[in-house]
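First comes the structure, then the notes that go with it.
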Amino acid sequence: MGIAAEDIERVRAATDLVAVVGEHVALRRSGSRWVGLCPFHTERTPSFSVNAELGFYYCFGCQRKGDAITFVRETRQLDFVGAMESLAARAGMELRWDNQRESGDRRRRSRLVETMARAVGWYHERLLASPDAAEARGYLRSRGFDGEVVRRFQLGWAPEGWDTLCRALSLPADVARDTGLGFVNARNRLQDSFRARVLFPIFDARGEPVAMGGRVLPGADGPKYKNSSASALYDKGEVLYGLNWAKGAVVEHGEVVVCEGYTDVIGFVSAGVAQTVATCGTALTERHVATLRRFAPRIVLAFDADGAGQAAAERIYGWERRHEVDVFVAALPRGVKDPADLARSDPEALRTAVSAAMPLLSFRLERLLASASLSSVEARARVAAAAGDLIAEHPNQIVREEYAGQVALRLDVRPEHLLHGQGRIRPSPGGSRPTPARRRRLETASLLALGLAVHQPEAVAHLLHEVLFLDPVELEAYRVLTRAQTLHEAVEAASPEAGELLLRLAVEEVADADAGAVVGRLLDEATSRVLAQMEADARASVGPLEDLQAIGWLKLLVEDLRDDTTRAAAAELLLPFLAERAVHEARS
Ligand SMILES: [Zn+2]
């Protein structure tokens with residue numbers, strides 16, 4: 001990342017996570033932890049836990065987790081470097097960069113952004129004043145984009161010439177290429193990427209210009225829209241047009257309207273719907289959703305009527321579950337292909353479409369019911385079957401039953417008829433929505449032992465071994481933990497599942513657990529598994545003869561494990577036995 005690794009550790013060590021979190025939500029002490037209402041999801045009973053000593057937080061409701069750096073990144077919409085700078089400033093520290101190249105990368109980025117900013121300004125001036133932009137100005141006026149809109153969105157005009165911009169800005173070839181503003185053509189000459197197009201500059205969420213969207217004038221040749229290709233600055237799967245301007249309104253409304261194009265954004269904003277963004281010539285991605293979720297919990301899709309109806313339900317339900325976001329659909333009046341036109345002719349209709357937006361399932365059912373004939377029993381049965389199919393796609397049973405009830409009433413059929421499709425629901429990746437606010441106790445011996453390994457490593461290190469962990473995620477968590485110097489290192493080395501488990505354990509209460517008893521239970525389980533295997537082998541006469549003796553010996557030791565006074569001695573014998581046997585099994 002460029003920041004010296006030891007600085008990252010120094011900043012972490014100097015940061016009081018409870019104080020950082022405390023600026024967002026009230027925390028109260030509970031044992032060795034601090035708890036409060038989660039800043040990432042809405043809840044009434046606290047399920048957000050902070051372990052001050054280890055510097056980790058975990059939410060039992062939404063499973064958000066991390067350390068001070070992730071917390072600052074997520075709550076303040078900063079990148080890693082930004083979060084580090086903020087925490088370092090808070091701790092009164094100065095960051096050092098770990099080598100020339102990395103800080104060079106940041107200098108390079110600022111140079112590219114600076115070049116983009118100059119290009120945005122140059123194209124904009126060109127649109128405002130240049131004689132060759134007269135046709136473009138006329139076109140924009142005809143679309144209702146007056147001087148105020150042109151200035152507000154910093155629209156520009158790319159002239160006809162082959163290399164007007166590159167020459168005017170004296171762009172070196174590598175800068176032209178890395179900003180996507182120009183390229184070296186087949187005759188080895190530097191050429192402008194955008195020619196004879198109205199330009200919509202695209203900014204990232206922080207307001208830095210990163211790309212261009214270009215539209216041809218009506219009647220001109222070439223594709224209607226041309227966008228910057230991916231560059232060092234621009235990732236279209238992540239950037240949303242207009243988010244830089246809309247941010248404040250999005251947070252204020254708790255909602256973001258997503259439409260399809262640059263002119264749609266301008267139309268919505270002009271109609272008074274300031275919380276509007278657009279994807280840049282791509283479908284909405286999960287990364288877009290994750291970005292938007294940082295600003296608002298409600299996403300309203302404002303595609304044209306057909307586009308919205310065809311939105312992939314399965315993907316959207318998945319986003320809703322994984323990102324705790326509610327996706328709504330704004331029904332634009334039928335036949336409206338261009339919200340920008342509607343913004344001019346009937347801005348009220350645009351505002352109404354947004355305020356009357358419906359959950360996706362509701363939207364699809366309404367469309368079905370509106371277009372269906374309900375005149376005969378047979379027709380109603382067909383509609384009921386189709387509605388049942390739509391309802392069946394929703395992953396939540398309560399939601400399914402609620403909609404089935406509503407639709408059944410309107411079709412005059414029994415709700416059971418609309419719940420027919422339940423058996424066909426495919427399990428979606430990511431599991432079910434977490435039960436809110438309920439703290440799961442560490443119920444198994446292996447989880448308790450792992451918890452102890454996180455909190456009191458010195459007390460259990462010599463008592464534990466990989467063979468005691470059966471569950472693959474728990475085993476991995478134990479492995480990374482024993483190999484790492486710190487919990488941070490372990491979490492970074494772990495798979496997402498094992499990392500999540502470690503962070504959850506970091507905020508669990510294990511202080512009252514008796515290490516000896518926990519390890520005893522774990523050894524008991526592991527030995528019993530081995531015993532069962534040995535006995536089965538003995539019955540089938542495939543095990544070695546000495547196993548018969550060993551079975552008797554093990555049974556006595558298990559007895560000892562269950563007695564407080566003999567447990568430690570039995571454990572000392574059993575652990576090496578199990579470890580050796582595991583090595584032997586692995587070899588044979
Ligand atoms: Zn939460």
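Index from 1, following the sequence. Start at 1 and go down the list; that is how both ligands and their atoms are numbered. Computed from heavy atoms alone, side chains included, the values below leave out hydrogens, waters and symmetry copies.
- Atom CD of E53 has 12 or fewer neighbouring heavy atoms from other residues, nucleotides or ligands inside a 6.0 Å radius.
- A salt bridge links R479 with E466: the distance from a Lys NZ or Arg NE/NH1/NH2 to an Asp or Glu carboxylate oxygen falls below 4.0 Å.
- Between D204 and R109, at least one side-chain N (NZ, or NE/NH1/NH2) sits under 4.0 Å from a carboxylate O, which counts as a salt bridge.
- Applying the 6.0 Å contact sphere to NZ of K247 captures more than 12 heavy atoms from other residues, nucleotides or ligands.
- Listed by chain and number, C38 SG, H41 ND1, C59 SG, C62 SG are the protein N/O/S atoms closer than 2.8 Å to the Zn ion (ligand 1), with waters left out.
- R90 pairs by the salt bridge (charged side-chain N to carboxylate O under 4.0 Å, His left out) definition with E23, not counting sequence neighbours.
- Between the side chains of D264 and Y241, no donor-acceptor pair of N or O atoms lies under 3.5 Å.
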